[in-house]
Amino acid sequence: MISKLRNEKLKQWVQEVADLCQPDDVYVCDGTRKEYDHMIARLLSAGSATPLKKRPNSFLFRSDPSDVARVEDRTYISTPSQDEAGPTNNWIDPGKLKTIMTDLYTGCMKGRTMYVIPFSMGPIGSPISKIGIEITDSPYVVCNMHIMTRVGTRVLEALSTDGTFIPCLHSIGAPLEKGQKDVTWPCAPMEQKYISHFPDENLIWSYGSGYGGNALLGKKCLALRIASAMARREGWMAEHMLILRLTNPEGRQFHIAGAFPSACGKTNLAMMQPTIGDWQCECVGDDIAWMKIGPDGRLYAINPESGFFGVAPGTSDQSNPMAMDTLKENIIFTNCALTDDSDIWWEGMTDKAPAHLIDWKGNDWTPESNRDAAHPNARFTAPAAQCPVICRDWEKPEGVPIDIFIFGGRRATVVPLVNEAYNWDHGVFLGATAASETTSANIGAVGNLRRDPFAMKPFCGYNMGDYFQHWLQMGDKLGTKQPKIFYVNWFRKSPDGKFLWPGFGENSRVLKWMCERVAGSVEAEKTPIGLLPKEGDLDTTGLELSPPEMKELLQIDVEAWKNELPDIEQHFAQFGSRLPERLKKQLEEFRKRLG
Ligand code: GTP
Ligand code: SPV
Ligand code: MN
């Protein structure tokens with residue numbers, strides 16, 4: 001199989017990895033439906049997959065209860081010096097880390113097949129696209145990569161004999177001794193998990209986990225951590241952003257890119273169905289944007305992925321009907337609950353839970369069970385092309401021109417529904433100081449407030465101080481073609497703990513105001529934190545929201561904002577001399593505006 005590879009570097013690397021990991025056999029993926037079916041058949045016979053009768057070609061997987069989300073504590077940016085990785089990343093010296101991991105990789109694929117997955121992030125052959133090769137011992141990963149990226153022989157053809165690729169080595173870290181029976185979700189214990197990045201070499205080594213961003217290496221590892229470092233070197237941007245097209249009743253298109261932390265609303269906003277008359281929303285991407293300045297000086301974005309790896313809980317016909325329509329066939333569900341009639345269910349899918357389920361751990365469940373039936377980070381893997389509102393231009397190699405950037409997060413208090421930056425530097429300040437309550441997309445405490453600059457804290461492949469500088473420089477290059485920057489919070493709560501804002505499709509009202517700001521058709525209210533909608537400018541027709549509730553949503557409590565200052569100072573202080581002067585200036589101006 002290896003001898004069939006025509007790219008010398010690839011052939012050599014695959015041989016090296018095979019020698020190290022000692023799999024029983026090696027298989028080079030061709031990306032065909034036949035191959036997918038074959039993998040699924042293997043997973044079915046191993047008991048890892050459950051077919052879903054209600055959804056053609058769809059399967060449920062249950063992970064090991066210890067392997068349910070990304071592991072930020074075990075994720076490393078391994079640059080020659082710790083300073084290059086910066087204060088927001090875990091760091092181990094590359095030599096040391098490679099020694100540790102080479103030890104782990106030695107013989108780690110015994111008893112298993114080693115799959116070689118040629119994949120393209122971005123349309124094959126597009127000048128923006130990058131080719132990766134993932135080596136993995138997980139057929140579940142192969143199936144997911146088929147959906148999430150463009151896999152197969154066409155990629156090898158594009159790579160040709162001398163093309164370059166990003167090597168992504170993955171092992172679940174669970175070799176099988178002769179005669180040893182496999183488990184349904186093999187993985188390694190937490191202390192052996194390593195999700196490692198070597199940005200100087202464009203190299204990814206992942207060990208021990210089979211879940212999501214830990215294992216589908218095209219996504220967070222390549223398209224964000226490695227790509228962000230490449231983007232800085234090459235003068236473009238790799239961001240944790242959804243991309244959507246909004247068309248107003250007059251037919252004018254606005255393209256919006258939004259960065260919210262994990263499980264904070266990107267997928268939902270990307271497929272949102274506007275509740276306001278005659279506005280149309282189309283989805284270009286739900287998680288990652290690669291952006292380059294085009295010949296006209298504007299910023300163009302592509303979605304490097306070809307699927308959605310979306311949060312299942314909370315998804316319903318009410319909250320995200322377009323996602324529900326996408327999920328009808330050809331889907332991989334992971335850690336959802338199983339119904340008695342062979343369908344899936346999760347918290348929030350229906351008002352009333354079914355009377356009986358098999359929960360994500362494989363146990364009987366009833367509404368009296370007092371625990372979640374689906375894991376809070378249960379996910380669906382779905383082909384993007386199946387989304388009824390996928391934008392007709394979603395695979396356009398040159399991308400779509402961005403008019404608006406949105407930052408945001410999950411904040412029960414303090415942060416208003418929407419706020420526009422005074423200018424680019426102020427917008428970068430808003431992104432750099434973004435804070436959000438932690439979610440179950442990472443293994444760790446949920447609900448803790450943390451600074452998550454640009455929603456990139458877990459995904460920036462270099463020093464975050466330099467990343468801020470890169471944003472400022474991109475703004476300088478864009479000049480008058482800069483997108484406008486906004487900050488949103490869909491998650492403000494009333495004193496009795498309820499969300500004040502209805503969210504989901506109603507978020508279109510906020511996007512409409514942004515578009516009107518871009519078009520210059522409405523004024524805005526100057527406040528210490530930024531520009532807010534003037535009374536009556538936010539379209540609330542038909543919304544059951546009382547004037548006091550609306551007031552609370554847009555409320556700016558100056559004292560509460562003053563209380564944020566010490567934390568912002570501390571956050572900035574960790575970057576030392578790498579913190580751009582222009583951001584220090586923004587902080588001082590903010591302090592002055594607060595009085
Ligand atoms: P990742 O895939 O982890 O990057 O997450 P994401 O940013 O795409 O988040 P997603 O859209 O999947 O939303 C995560 C959770 O937030 C789901 O349970 C949603 O139902 C919920 N959510 C999304 N948008 C809104 C909103 O506007 N209001 C409220 N209250 N909840 C929302
Ligand atoms: C996220 O956590 O931001 C995700 C899910 O999009 S994962 O691919 O697991 O990182
Ligand atoms: Mn994400």
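Note that ligands are numbered from 1 as they come in the structure, with each ligand's atoms numbered from 1 the same way.
- Looking only at heavy atoms of the protein, atom 1 (P) of ligand 1 is closest to A263 N, 3.4 Å.
- Below 3.5 Å of separation, one finds no N or O of K266 facing any N or O of ligand 2.
- Taking 4.0 Å as the cut-off, P261 counts as a neighbour of ligand 1 on heavy-atom distance.
- Below 4.0 Å from some heavy atom of H240 lie the following atoms of ligand 2, by number and element: 3 (O).
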(request) Please test F407 against W471 for ring pair (Phe, Tyr, Trp, His ring centres under 6.0 Å), starting from the C-alpha separation and ending with a verdict. (result) CA-CA 13 Å; F407 303 128; W471 262 85; 5.6 Å; yes
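- In summary, the atoms of ligand 2 found under 4.0 Å from a heavy atom of F459, numbered by their order in the structure, are 3 (O).
- Of the polar atoms of G265, at least one N or O is found under 3.5 Å from an N or O of ligand 1, judged by distance alone.
- Near G314, meaning under 4.0 Å from any of its heavy atoms, are these atoms of ligand 1: 18 (O), 20 (O).
- At the shortest separation from atom 10 (O) of ligand 2 among protein heavy atoms lies R70 CD, 2.7 Å.
- Side chain of W290 to backbone of A223: a donor-acceptor contact under 3.5 angstrom is found.
- Within ligand 2, counting atoms from 1 as listed, the ones closer than 4.0 Å to a heavy atom of A441 are 2 (O).
- Of all atoms in ligand 1, listed by their number and element, those nearer than 4.0 Å to a heavy atom of S262 are 1 (P), 3 (O), 4 (O), 5 (O).
- S508 approaches M272 most closely through the heavy-atom pair CB-SD, 3.5 Å.
- Checked by atom type and distance alone, the side chain of T439 pairs as donor or acceptor with a backbone atom of S262 at under 3.5 Å.
- Residue contacts with ligand 1: P313 is placed with a nitrogen or oxygen under 3.5 Å of a nitrogen or oxygen of the ligand (distance criterion only).
- Close approach of ligand 2 to K219 (heavy-atom distance below 4.0 Å) involves ligand atoms 6 (O), 8 (O).
- Side chain of D359 to main chain of W365: no donor-acceptor pair is present (N/O by atom type, distance under 3.5 Å, no hydrogens or angles).
- For ligand 1, the polar-atom distance check finds an N/O of N507 within less than 3.5 Å of one of the ligand's N/O atoms.
- Geometrically, K266 does not engage F260 in a cation-pi contact, judged by NZ or CZ lying under 6.0 Å from the ring centre and within 45° of the ring axis.
- Judged by distance alone, the side chain of S120 and the main-chain N or O of G132 form no donor-acceptor pair under 3.5 Å.
- Contact annotation: for L242 versus ligand 1, there are no heavy atoms closer than 4.0 Å.
- Here's the thing with R410: one of its N/O atoms is less than 3.5 angstrom from an N/O atom of ligand 1.
- Closest to atom 9 (O) of ligand 2, if we only count protein heavy atoms, is G213 N, 2.9 Å.
- Using a 4.0 Å cut-off to heavy atoms of D287, the atoms of ligand 1 that qualify are 4 (O).
- By the 3.5 Å distance cut-off applied to N or O atoms, S262 is counted among the residues near ligand 2.
- Judged by distance alone, the side chain of S78 and the main-chain N or O of I92 form a donor-acceptor pair under 3.5 Å.
- Contact annotation: for F491 versus ligand 1, heavy atoms closer than 4.0 Å belong to the side chain alone.
- Considering only non-hydrogen atoms, atom 3 (O) of ligand 1 lies nearest to R379 out of R70, K266, R379.
- Residues I77 and W91 share a closest heavy-atom pair of O-CD1, 3.1 Å.
- Checked against the 6.0 Å centroid criterion, the rings of W205 and Y194 do not qualify as a close aromatic pair.
- Listed by atom number, the atoms of ligand 2 under 4.0 Å from G212 heavy atoms are 9 (O).
- A donor-acceptor contact shorter than 3.5 Å is absent between the side chain of D452 and the backbone of S436.
- In the vicinity of H240, heavy-atom distances shorter than 4.0 Å reach the ligand 1 atoms 4 (O).
- A distance-only check finds no donor-acceptor pair linking the side chain of T184 to the backbone of S48 [under 3.5 Å].
- A salt bridge between K493 and E437 is absent, with no side-chain N of the basic residue lying under 4.0 Å from a carboxylate O of the acidic one.
- Not one N or O on the side chain of N335 forms a donor-acceptor pair closer than 3.5 Å with the backbone of H375.
- Side chains of C283 and W394 form no contact here, defined as non-hydrogen atoms less than 4.5 Å apart.
- Geometrically, ligand 1 and P502 share no nitrogen or oxygen pair separated by less than 3.5 Å.
- Among D278, D539, D537, the single residue meeting the salt bridge (Lys or Arg N to Asp or Glu O under 4.0 Å) criterion with K512 is D539.
- Comment: D496 engages K498 in a salt bridge, judged by a side-chain N to carboxylate O separation of less than 4.0 angstrom.
- Here the closest heavy-atom approach between residue K220 and residue G213 is recorded as CG-CA, 4.2 Å.
- Neighbouring protein atoms of the Mn ion (ligand 3) (N, O or S, distance under 2.8 Å, waters ignored): K220 NZ, H240 NE2, D287 OD1.
- Between T267 and ligand 1, a contact under 3.5 Å exists for at least one N or O pair.
- Looking at F504 against ligand 1, both its backbone and its side chain come within 4.0 Å, counting heavy atoms.
- Nearest protein heavy-atom neighbour of atom 6 (O) of ligand 2: K220 NZ, 3.0 Å.
- Between the side chain of R451 and the main chain of H571, no donor-acceptor pair closer than 3.5 Å is present.
- In terms of heavy atoms, A238 sits closest to A231 at N-CB, 3.9 Å.
- Looking only at distances, no side-chain donor or acceptor of R150 sits under 3.5 Å from a matching main-chain atom of G31.
- By the 3.5 Å distance cut-off applied to N or O atoms, N268 is counted among the residues near ligand 1.
- Neither the backbone nor the side chain of F308 comes within 4.0 Å of ligand 2, counting heavy atoms alone.
- At a heavy-atom cutoff of 4.0 Å, ligand 2 is contacted by the side chain of D287 but not by its backbone.
- Heavy-atom distances between S319 and ligand 1 stay at or above 4.0 Å for every pair.
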